[in-house]
Amino acid sequence: MSAVIISGKELATEKRAFIKAEVQKLVKDQQIQPSLAVILVGDNPASHSYVRAKQKACEEAGMECILDHYPSTLTEKELLDRIAHYNHEGSVHGILVQLPLPDHINELAVIESISPNKDVDGFHPVNIGKMMIDQETFLPCTPYGIVEMIKSLNVSISGKHVVVIGRSNIVGKPVGQLLLKEDATVTYCHSRTKDLASITKQADILIAAVGRANLIGPEFVKDGAIVIDVGVNRLDSGKLCGDVDFDKVKEKASFITPVPGGVGPMTITMLLQNTLQSAQKSESENKTFSC
Ligand code: NAP
């Protein structure tokens with residue numbers, strides 16, 4: 001059996017068309033153009049390429065994208081001042097600071113300085129806390145996109161055993177939490193997990209968020225499992241690949257995401273969704289205020 005390939009690219013295209021229509025409605029009816037401020041510090045080539053992709057996606061969706069690019073010598077104070085400016089700028093609905101930051105800047109202090117109301121990456125501790133207790137908030141984009149991909153398959157998540165490999169704050173931990181909310185039974189694995197394959201082979205839904213090229217071969221996968229590959233790894237040849245040995249695992253799984261073209265496009269789509277949500281919220285708050 002060869003797995004059905006889950007095209008994040010196709011799903012993202014569908015969702016972005018919907019988001020674009022909602023943006024047009026907001027502009028036409030309320031004269032509000034969703035606006036995202038993106039702050040990039042330094043010259044990390046991967047960060048540049050992620051920022052370019054986000055900027056392009058915003059423009060295609062009819063959103064404004066303000067890009068502030070600073071040299072790596074920017075001080076933490078200067079960065080915090082810039083964030084404070086956007087926190088108070090009513091026409092800006094989302095603020096994103098591209099990570100990683102240079103070593104002299106405290107990443108957590110920066111994340112905490114973004115207003116939770118504009119934290120469209122969903123990394124602020126307040127928003128993570130709200131997610132944990134199922135309150136409406138900005139969900140972190142990669143986990144949010146993964147859940148949307150699984151839901152698009154029209155298979156029930158309830159009661160399924162989800163195994164997440166990876167426990168980072170931006171992918172592993174939140175994706176498990178969001179799937180717990182969908183009534184899955186969730187197991188987390190990480191670098192200290194003993195006999196990884198014995199656990200991953202129990203997964204109905206296996207999510208690999210590690211960052212090790214081709215770590216997950218068919219011996220880690222149960223027949224018919226849904227396999228979501230979050231990893232993005234660059235081989236010496238320059239080719240991108242995931243954490244999952246795609247060619248071999250696709251012969252065992254029922255559904256599988258490719259890399260590239262899987263989780264990546266959905267991550268940016270959920271960033272657009274969060275920015276739209278923030279702009280819509282600002283519109284309804286203005287209405288409440290004027291009543
Ligand atoms: P991270 O912070 O480095 O976390 C990696 C996790 O993998 C850690 O929890 C680590 O365990 C675990 N791990 C490492 N080696 C392992 C092993 N041999 N066996 C089992 N677990 C192991 O990475 P991240 O930020 O979550 O990102 C993970 C991957 O996803 C990266 O390739 C990243 O580029 C990619 N990513 C893709 C997107 C997208 O949109 N496509 C978005 C975000 C990230 P410990 O906690 O014990 O160290």
### Message
Between Glu76 (side chain only) and Asn106 (backbone N and O only), is there a donor and an acceptor less than 3.5 Å apart?
### Response
yes
### Query
Does the side chain of Glu10 come under 3.5 Å of the side chain of Thr13 through a donor N or O and an acceptor N or O?
no
### Message
Both conditions, 6.0 Å and 45 degrees, for the charged tip of Arg16 above the ring of Phe18: are they met here?
### Response
no
### Query
Among the clusters formed by ILVMFWY side chains lying less than 4.5 Å apart, do Leu153 and Ile5 turn up in the same one?
no
### Message
Is it the case that atom CG in Asp103 sees more than 12 heavy atoms from other parts of the structure closer than 6.0 Å?
### Response
no
#### Entry: Test item: His124 side-chain N/O and Pro116 main-chain N/O as donor-acceptor pair under 3.5 Å
no
### Message
In this structure, would Ile146 and Val227 fall into the same cluster of hydrophobic residues linked by side-chain contacts under 4.5 Å?
### Response
no
### Query
Atom SG of Cys189 and atom NZ of Lys194: how far apart are they, to the nearest 0.5 Å?
13.0 Å
### Task
Determine whether the side chains of Asn274 and Tyr144 contain a donor N or O and an acceptor N or O closer than 3.5 Å.
no
### Message
Less than 4.5 Å apart, side chain to side chain, heavy atoms only: is that true for Thr269 and Gln273?
### Response
no
### Task
Return the minimal non-hydrogen interatomic distance between Pro258 and Ile6, and the atom names on each side.
CD-O, 3.1 Å
### Message
I want to check something: taking the side chain as every heavy atom from C-beta on, are Gln277 and Glu136 in contact at a cut-off of under 4.5 Å?
### Response
yes
### Message
Measuring only between side-chain heavy atoms, which start at C-beta, is Ser47 closer than 4.5 Å to Leu40?
### Response
yes
### Message
Side chains of Ile226 and Leu206, heavy atoms from C-beta outward: is any pair under 4.5 Å?
### Response
no
### Query
Charged N to carboxylate O below 4.0 Å: is that the case for Lys25 and Glu22?
yes
### Message
Out of the candidates His48, His69, Lys54, only one should pair with Gln98 under the side chain to side chain donor-acceptor pair (under 3.5 Å) rule; please name it.
### Response
Lys54
### Query
If you look at every heavy atom in Ile128 and Gly122, which pair is closest and at what distance?
CG1-O, 3.8 Å
### Task
Return yes if some donor-acceptor pair links the side-chain N/O of Lys160 with the main-chain N/O of Ser156 below 3.5 Å, else return no.
yes
### Full working for side chain to side chain contact (heavy atoms under 4.5 Å, CB included) between Leu96 and Ile39
CA-CA 6 Å; Leu96 181 153; Ile39 303 178; over 6 Å; no
### Message
Given 3.5 Å as the limit, does a donor-acceptor pair link the side chain of Thr193 with the main chain of Leu196, or not?
### Response
no
#### Entry: Pair Ile207-Ile165, side chain to side chain contact (heavy atoms under 4.5 Å, CB included): steps then yes or no
CA-CA 6 Å; Ile207 300 177; Ile165 320 174; over 6 Å; no
### Asn233-Asp243 side chain donor-acceptor pair, cut-off 3.5 Å
yes
### Check: Glu107 and Pro100 side chains under 4.5 Å, non-hydrogen atoms
yes
### Message
Go through it in stages, so that I can follow the logic: the residues are Val244 and Asn214, the test is side chain to side chain contact (heavy atoms under 4.5 Å, CB included), and I'd like the CA-CA distance, side-chain angles, deciding distance and then a yes or no.
### Response
CA-CA 5 Å; Val244 175; Asn214 299 322; over 6 Å; no
### Task
Would you mind reporting whether Val38 and Asp68 have side-chain heavy atoms less than 4.5 Å apart?
no
### Query
Just checking, any donor-acceptor pair under 3.5 angstrom between side chains of Thr257 and Asp229?
no
### Task
Indicate, with yes or no, if Val186 and Phe220 share a hydrophobic cluster defined by side-chain heavy-atom contacts under 4.5 Å among Ile, Leu, Val, Met, Phe, Trp and Tyr.
no
### Nearest-0.5 Å distance, OG of residue Ser152 to CG of residue Asn154
7.5 Å
### Query
Any link between Ile216 and Ile256 through a network of hydrophobic side chains (Ile, Leu, Val, Met, Phe, Trp, Tyr) touching at under 4.5 Å?
yes
### Message
With a 6.0 Å cut-off (strictly less than), is the heavy-atom count around NE2 of His104, excluding the residue itself, greater than 12?
### Response
yes
#### Entry: Spatial distance of atom OG (Ser278) from atom NZ (Lys118) [nearest 0.5 Å]
7.5 Å
## Note on the structure
Which of His93, Met63, Glu89 passes side-chain contact (heavy atoms from CB on, under 4.5 Å) with Ser35? It is His93
### Query
Distance from Met270 atom CE to Met149 atom CE, nearest 0.5 Å?
11.0 Å
### Query
Is there a side-chain contact between Val221 and Thr200, using heavy atoms and a 4.5 Å cut-off?
no
### Query
What heavy-atom pair brings Pro34 and Leu26 nearest, and what distance separates the two atoms?
CG-CD2, 4.0 Å
### Query
What's the shortest heavy-atom distance between Ile111 and Pro125, and which atoms?
CG2-CD, 4.3 Å
### Message
Please determine whether a side-chain nitrogen of the Lys or Arg among Glu60 and Lys20 lies less than 4.0 Å from a carboxylate oxygen of the Asp or Glu.
### Response
no
### Query
Crowded around Lys201 NZ? As in, over 12 foreign heavy atoms under 6.0 Å?
no
### Query
For Val249 and Pro218, which heavy atoms make the closest approach, and how far apart are they?
CG2-N, 3.7 Å
### Interatomic spacing from CG in Asn117 to CG in Asn87 - rounded to 0.5 Å
9.0 Å
### Query
Considering only heavy atoms from C-beta outward, does the side chain of Leu271 approach that of Thr267 to under 4.5 Å?
no
### Query
Between Leu80, Val126, Asp119, which is the residue that forms a side-chain contact (heavy atoms from CB on, under 4.5 Å) with Ile114?
Asp119
### Query
Counting distance only, does the side-chain N/O of Glu59 pair as donor-acceptor with the main-chain N or O of Lys56 below 3.5 Å?
no
### Message
If I compare all heavy atoms of Ala3 with all of Ala253, which pair ends up nearest, and what's the gap?
### Response
CB-O, 3.2 Å
### Task
Would you kindly say whether Gln30 and Gln280 are connected by a side-chain donor-acceptor distance under 3.5 Å?
no
### Query
Are Val51 and Val41 linked, directly or through other ILVMFWY residues, by side chains that come within less than 4.5 angstrom of each other?
no
### Query
Looking at Glu182 and Lys151, does any basic side-chain N land under 4.0 Å from a carboxylate oxygen?
yes
### Message
The test is side chain to side chain contact (heavy atoms under 4.5 Å, CB included); show your working for Ile199 and Asp195 and say whether it passes.
### Response
CA-CA 7 Å; Ile199 300 169; Asp195 194 1; over 6 Å; no
### Message
To the nearest 0.5 Å, what is the distance between NZ on Lys77 and CG on Asp81?
### Response
3.5 Å
